[in-house]
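Read the numbers this way: they start at 1 and go in the same order the structure lists the ligands and their atoms.
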Amino acid sequence: MTGTGTGAVQAPPSRTVTGWSGDADYFSFPEHHEFRPEPVVDVLRGRRAGVIFRGMVARDVCAELAARFWDSPDRERRSTEAPSYHLGAYHYHKTTEHYLDESERGAAALDKVLDLPDDPLTTFYTGLAEELAPEGVDVRLARHHGRTASRGLLRSWHGDGRYALDPHEDRSQCTEPRQADFEIQRVVDHEVCALNICLEKGDGGRLLVWNIQPDDASKRRMGLHHTGSPYPTRTLDGIECRWIDVHPGDVYVFNGSHVHAVEPNSDPGTRRTTLAGIFGFIDDGTVVSWT
Ligand SMILES: [Fe+2]
């Protein structure tokens, strides 16, 4: 849950978020120029904060996926909380049933967009499954009473404030009381990993990751213990932060328990579109993914 245990507990002023921070070895984002599942396993097992695979997806595949996303009649707009367009379901702040209903409803449209040879989601999860199979670990979609989670989420944030997507972490949302019956909640005893595949992006639009996994006391003080969002910027003052530039075709995975945010594109006329998912161990022999 808190990485390798090699970090130190921070004790900054009371209004700052407190929690676990990793050491320099842990808080790094090594870059590779082809996909290799081993460094993903390092993130899954809490040995490292993240990893980036530069140019893993061909530019023409990215352009095709983005074009299909924007052309899709099933693309939806989210106007509250985090302004965005999306295709595919997201579990945030929903009941298990609601999320699975939406996953089912969106599956055909998502499959249509992803219907390409070597679609990047299949490449990623198949590679991860092959890497973990010899260890007796099964990698599969999260499920509930015979129904399955969405296999991916296409999304374009368009918040135009200081951030396109406010500082948040992905772990708290996995304790949503309305999803208490859903197996994904067991991931909070392990690492919550975020997968993002950059399909299109203008200048700016970098990912910011702070070297802190907020503790429960901070979350409760701010009322974020079931949502993880948003962490006011002033509460992050003085905490180490990494800015990660990404380009179309880059695939990046990071420990979503760290507070992270998305910088707006410098040109508001450009789009930042990703194909995303969340995954993690729920027990020693099972990794599940959802959105
Ligand atoms: Fe996130």
So, E240 and R242, do they make that salt bridge, N to O below 4.0 Å? yes

Examine distances only and state if a side-chain atom of H260 and a backbone atom of L208 form a donor-acceptor pair shorter than 3.5 Å.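 No; zero donor-acceptor contacts below 3.5 Å.
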
Could you check whether the rings of W290 and H91 sit parallel, tilted or perpendicular, using 30° and 60° as the cut-offs? perpendicular

Could you tell me whether R54 atom CZ has more than 12 heavy atoms of other residues or ligands within 6.0 Å of it?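 Check passes, neighbour count above 12.
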
Return all protein N, O or S atoms below 2.8 Å from the Fe ion (ligand 1), chain by chain in residue order.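 Listed by chain and number, the nearby protein N, O or S atoms are H168 NE2, D170 OD1, H260 NE2.
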
If you apply the rule side-chain contact (heavy atoms from CB on, under 4.5 Å), what do you find for L153 with I278, and how did you get there? CA-CA 10 Å; L153 176 63; I278 310 174; over 6 Å; no

Evaluate the side-chain contact (heavy atoms from CB on, under 4.5 Å) criterion for residues F279 and E191: first the C-alpha distance (whole Å), next the side-chain angles of each, then the deciding distance (0.1 Å), finally the verdict. CA-CA 8 Å; F279 62 100; E191 309 299 334; over 6 Å; no

